[in-house]
2 protein chains.
Amino acid sequence: MIPPSVSLIGSFRRHYPEVWKAAKIFGAAGMTVKSPPMSRIVDRERAFVRFASDPPLASDLDLQAATMDKIFSSDFVYVVNPGGYIGADTTLELGRIVERGMAVYYAEPPRLLIDVPGGTVLSPGELAAGISGGAVSAKPARRPRVAALPTADIVIFTIREQQLHVLLIRRGTEPYRGKLALPGGFVRPGESLEDTAQRELREETGLDASRILLEQVHTHSDPKRDPRGRVITTAFLAIAPNLPEAAAGTDAYRAAWIEVEESLWQDPGRLAFDHAVILKQALDRARGMLEHTTVAAQFCGKVFTISELRQVYEAVWGVRLNPQNFQRKIRSTRGFVIDTGKKQASHHGRPAELFRTGPARILYPPMLRPGQPGQATLDSMGNSKSATQAR
Amino acid sequence: MIPPSVSLIGSFRRHYPEVWKAAKIFGAAGMTVKSPPMSRIVDRERAFVRFASDPPLASDLDLQAATMDKIFSSDFVYVVNPGGYIGADTTLELGRIVERGMAVYYAEPPRLLIDVPGGTVLSPGELAAGISGGAVSAKPARRPRVAALPTADIVIFTIREQQLHVLLIRRGTEPYRGKLALPGGFVRPGESLEDTAQRELREETGLDASRILLEQVHTHSDPKRDPRGRVITTAFLAIAPNLPEAAAGTDAYRAAWIEVEESLWQDPGRLAFDHAVILKQALDRARGMLEHTTVAAQFCGKVFTISELRQVYEAVWGVRLNPQNFQRKIRSTRGFVIDTGKKQASHHGRPAELFRTGPARILYPPMLRPGQPGQATLDSMGNSKSATQAR
DNA sequence: AGAATAGTGTCTATGAGACAGTATATG
DNA sequence: CATATACTGTCTCATAGACACTATTCT
């Protein structure tokens with residue numbers, strides 16, 4: 001288990017002895033102190049107090065930004081405010097911290113209009129005891145909670161030239177600058193994760209997302225998955241018909257359709273963050289959904305031939321299917337496709353009939369993908385790599 | 001075209017004449033002033049200045065919260081700070097506004113460590129002219145993000161007296177005091193959601209959670225799902241063998257096994273929060289998993305008979321199965337169960353052989369639950385109630 | 001005509017469901 | 001003995017896979 005991390009804020013100029021003392025207590029209790037840097041103060045006259053460990057040429061604003069990053073990546077914040085005093089710049093930082101919903105504890109009641117529930121005014125020792133959970137404390141600390149920034153990442157699949165492709169974005173900013181990443185973004189005020197995913201999908205592909213399947217796959221919450229701090233992402237699976245090359249949407253200038261192949265999730269470092277895992281899980285989910293639902297038709301345009309539908313199955317599953325039997329299976333399944341009566345302007349051979357999607361969503365006799373032909377079972381016998389099993 | 005909206009912040013106590021003047025200028029330029037309310041000040045001695053239009057009994061904190069809502073709903077914020085002065089509570093508000101990435105303009109350069117790009121210090125007249133003239137945009141400096149408190153809720157199923165039961169807890173605190181709720185809790189520092197779920201499972205049942213299946217089901221993020229604020233929960237499915245009545249664990253004194261029946265998720269208000277939806281989704285997931293995996297054996301003890309296994313399927317699916325055919329199916333599936341050679345101390349009739357779980361995890365020829373016998377498809381044709389589809 | 005693709009007919013193997021029949025316990 | 005449960009044998013039917021065959025286009 002990773003030790004809890006804390007950042008201390010307050011007037012380092014006026015109250016550094018108190019800050020130092022509190023930090024020592026937290027450190028002794030096994031916590032990681034992310035800020036202040038626990039080095040010697042070399043210049044207290046600057047607007048932003050300088051430590052020996054600070055880069056000497058950094059501006060006040062750069063230093064403050066770096067400090068805020070450290071604060072936001074910690075599990076909670078402790079405000080050192082002897083007599084209730086909080087300086088102007090600390091107050092501004094505190095507003096940002098409050099707005100992020102982080103857990104905040106105070107040494108003394110603040111002289112500000114803030115809702116300070118009982119138990120959030122604690123001495124460093126009480127807090128350390130409450131966090132580690134063992135020691136007896138007169139005022140039991142509220143259980144420590146962590147705030148996180150929720151994000152939605154989307155795995156958008158499509159078929160291009162009979163191959164499965166996924167929409168990826170070349171990152172333009174740190175971290176993982178230059179690497180490929182899934183499209184996605186932070187949840188905005190008032191949005192649910194589904195809203196966020198739908199907005200990102202629209203921004204990246206220009207598709208009217210309300211008509212596109214958007215299926216939640218998994219939520220990734222490893223505390224170290226994002227170096228910027230506690231970012232929890234929920235992965236969505238989207239299935240899109242073939243789109244014009246560069247979806248001329250707003251943010252799409254860096255986006256590209258990449259062929260889905262083993263190396264995308266096998267080669268470490270090809271994708272940013274834990275996106276290789278997310279991609280693989282979404283692919284597995286899509287493969288499974290093709291068995292039990294009629295979503296395969298979502299890969300196709302408004303009208304399509306049965307061959308096109310078969311190519312979807314072949315591309316996603318990575319197998320060859322018998323065209324004749326596939327044909328019969330689809331046509332005998334009521335509600336999957338509806339004959340439009342029209343025929344395709346032929347490429348070669350007999351013109352295929354054109355279909356549109358039917359009302360059925362679930363395939364009852366499922367379309368089982370060819371597995372071990374033997375009668376028995378045994379996929380992954382014993383060695384459980386099934387993600388959610390015991391960590 | 002909707003007129004741009006603005007909120008003004010600053011010390012209404014000290015600088016209300018300047019605030020009023022600026023608001024008038026914005027109003028004359030066709031903008032909507034969301035805050036202040038443009039009514040008469042009736043009490044300037046309170047911590048939060050009172051206007052005639054304010055509800056007289058509201059607390060300072062209530063008023064501030066309502067004001068922040070107005071500010072956050074406007075297109076940009078104008079800070080009235082004659083001489084650069086910004087008071088402590090305004091500074092805290094400003095921090096929250098900055099963290100949301102809203103566009104902020106200042107009457108004079110602020111005496112704070114804030115990055116004030118050129119053009120953001122403007123007189124009200126300049127700003128009004130710029131907005132209507134298109135020179136100044138209300139585009140936020142940075143995209144707004146929201147922080148959330150992540151929680152894990154667990155749907156723990158077991159079989160008791162041949163019926164499916166779920167572990168529920170009678171809530172002892174607001175909100176939803178007295179209602180039944182799923183066990184769960186907030187993510188603690190350093191934990192992933194899986195860690196949290198495992199800890200809660202151990203606390204509630206005393207089970208060594210590392211040996212129990214814990215499967216992520218869905219993440220619920222509706223901004224209004226929890227009245228306490230932005231709480232995002234990830235639901236887990238756990239399957240437990242029959243346990244001694246009151247698992248004497250620490251927090252379990254309020255816990256009880258409740259029979260799973262329609263009314264649990266049909267009757268509104270029987271379960272707290274959105275736990276009815278969570279329960280139903282977990283049940284559907286469990287039903288599906290029984291088809292394709294060998295988890296049914298997790299409901300049983302270390303050794304079990306094939307009848308017991310069948311009763312699991314019958315309880316979870318809510319159907320009757322033919323004992324003879326079930327027997328053959330299980331025995332002919334390699335790796336599902338292993339014969340121990342022992343026999344059950346008989347109740348009645350021929351003693352059943354005892355089995356233990358085999359190494360297989362995935363059932364390849366799946367155990368399809370009896371559906372529409374007809375050949376075709378059509379579960380939920382058309383009317384999509386499939387949760388993740390378009391909101 | 002030959003190649004290519006679409007679609008149908010038919011045989012076979014397999015597995016699910018139904019049901020008769022056998023095995024082994026209790027009372 | 002009857003009764004109850006466990007287990008096996010066998011028939012039928014539905015469906016998947018294999019493959020031959022027909023249909024309709026392009027070159």
Side-chain angles (χ1 to χ4, degrees), chain A residues 162 290-292 300 303-314 317 319-334 336-355 363-378, chain B residues 162 290-292 300 303-314 317 319-334 336-355 363-378:
Chain A
Q162 304 180 21
L290 255 55
E291 289 190 294
H292 300 282
C300 304
V303 293
F304 50 89
T305 67
I306 292 192
S307 284
E308 284 168 5
L309 194 62
R310 176 169 47 81
Q311 282 161 18
V312 169
Y313 276 90
E314 290 177 338
W317 284 350
V319 296
R320 305 290 298 176
L321 297 175
N322 180 307
Q324 292 99 319
N325 292 329
F326 185 85
Q327 179 106 212
R328 223 200 337 268
K329 170 77 182 175
I330 300 300
R331 293 178 98 108
S332 69
T333 297
R334 279 184 319 203
F336 194 165
V337 296
I338 296 174
D339 197 335
T340 62
K342 293 176 187 163
K343 300 208 174 196
Q344 192 184 37
S346 76
H347 305 287
H348 214 96
R350 174 173 169 176
E353 292 177 58
L354 288 169
F355 296 84
L363 278 179
Y364 175 60
M367 176 84 88
L368 293 180
R369 60 191 132 153
Q372 333 310 0
Q375 41 118 40
T377 74
L378 63 163
Chain B
Q162 303 179 22
L290 255 56
E291 290 190 294
H292 301 281
C300 304
V303 293
F304 51 89
T305 66
I306 291 190
S307 283
E308 285 169 3
L309 194 62
R310 176 169 48 81
Q311 282 162 17
V312 169
Y313 275 90
E314 290 178 339
W317 285 350
V319 296
R320 305 290 299 176
L321 298 175
N322 181 307
Q324 293 98 319
N325 293 329
F326 185 85
Q327 179 106 211
R328 224 201 334 270
K329 169 78 181 174
I330 300 300
R331 293 177 98 107
S332 68
T333 298
R334 279 183 317 201
F336 194 165
V337 296
I338 295 174
D339 197 335
T340 62
K342 293 176 188 164
K343 301 207 173 196
Q344 193 184 38
S346 76
H347 305 287
H348 216 98
R350 173 171 168 178
E353 292 178 58
L354 287 169
F355 296 84
L363 279 179
Y364 175 59
M367 176 84 90
L368 291 180
R369 61 192 130 154
Q372 331 310 358
Q375 40 119 44
T377 75
L378 62 162

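Atom set for the values below is all heavy atoms of this structure, side chains included, hydrogens, waters and symmetry mates excluded. In what follows, chains are A, B, ... by sequence order, proteins preceding strands, each numbered from 1.
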Novice: Of the candidate nucleotides dC19(D), dT10(D), dA6(C), which contains the atom at the shortest distance from the side chain of R310(A)?
Specialist: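 Selected nucleotide: dA6(C).
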
Novice: What's the CZ-C1' distance between F326(B) and dA18(C), to the nearest Å?
Specialist: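 Interatomic distance, CZ of F326(B) to C1' of dA18(C): 17 Å.
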
Novice: Determine all donor-acceptor pairs shorter than 3.5 Å in which one atom belongs to a side chain in residues 319-326 of chain B; sequence neighbours excluded.
Specialist:
{"unit_1": "N322(B)", "atom_1": "OD1", "unit_2": "Q324(B)", "atom_2": "N", "d": "2.9"}
{"unit_1": "N322(B)", "atom_1": "OD1", "unit_2": "N325(B)", "atom_2": "N", "d": "3.1"}
{"unit_1": "N325(B)", "atom_1": "OD1", "unit_2": "R328(B)", "atom_2": "NH2", "d": "2.7"}

Novice: How long is the line joining CG of L354(A) and C1' of dT5(C), in whole Å?
Specialist: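 In whole Å, dT5(C) C1' and L354(A) CG are 14 Å from each other.
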
Novice: Taking for each residue the nucleotide of DNA chain C with the nearest heavy atom, is it N322(B) or R328(A) whose nucleotide lies nearer the 5' end?
Specialist: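 Result: R328(A).
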
Novice: Take the protein atom CG of D339(B) and the nucleotide atom P of dA6(D), then report the distance between them rounded to whole Å.
Specialist: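 For the pair D339(B) CG and dA6(D) P, the rounded distance is 14 Å.
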
Novice: Scan nucleotides 20-27 of chain D nucleotide by nucleotide, 5' to 3', and note B when protein non-hydrogen atoms come under 4.0 Å of the base, S if they reach only the sugar-phosphate, - if neither.
Specialist: B--BBBS-

Novice: Among the nucleotides dG17(D), dT8(D), dT5(C), which one has an atom lying closest to any side-chain atom of N325(A)?
Specialist: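 In terms of side-chain proximity for N325(A), the closest of dG17(D), dT8(D), dT5(C) is dG17(D).
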
Novice: Would you please confirm or rule out a distance under 4.0 Å between OP1 or OP2 of dG15(C) and any side-chain N or O of K329(B)?
Specialist: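 The answer is no; no side-chain N or O of K329(B) sits under 4.0 Å from OP1 or OP2.
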
Novice: What nucleotide, of dC19(D), dG7(C), dC19(C), holds the atom closest to the side chain of E353(A)?
Specialist: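 Looking only at side-chain atoms, E353(A) lies closest to dG7(C).
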
Novice: Rounded to whole Å, please give me the gap between CD1 in I330(A) and P in dT8(C).
Specialist: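 In whole Å, dT8(C) P and I330(A) CD1 are 13 Å from each other.
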
Novice: Between atom CG in L363(A) and atom C1' in dT15(D), what is the gap in whole Å?
Specialist: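 Rounding to the nearest Å, CG of L363(A) and C1' of dT15(D) are 14 Å apart.
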
Novice: Distance check needed: dA18(D) C1' versus L321(A) CG, whole Å only.
Specialist: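 Answer to the nearest Å: 14 Å.
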
Novice: Checking R350(A) now: which residues fulfil salt bridge (Lys or Arg N to Asp or Glu O under 4.0 Å) with it, not counting sequence neighbours?
Specialist: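 If we apply the salt bridge (Lys or Arg N to Asp or Glu O under 4.0 Å) test to R350(A), skipping adjacent residues, there are no hits.
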
Novice: Scan S307(B) against the nucleic acid and name what it touches under 4.0 Å (heavy atoms): base, sugar-phosphate only, or nothing.
Specialist: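 Since only primed, P, OP1 and OP2 atoms lie under 4.0 Å of S307(B), the category is sugar-phosphate.
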
Novice: Calculate the interatomic distance between Y364(B) atom OH and dG15(C) atom C1'; express it in whole Å.
Specialist: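 After rounding, the reported distance stands at 12 Å.
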
Novice: To the nearest angstrom, how far is R331(A) atom CZ from dG9(C) atom P?
Specialist: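 Whole-Å distance recorded here is 11 Å.
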
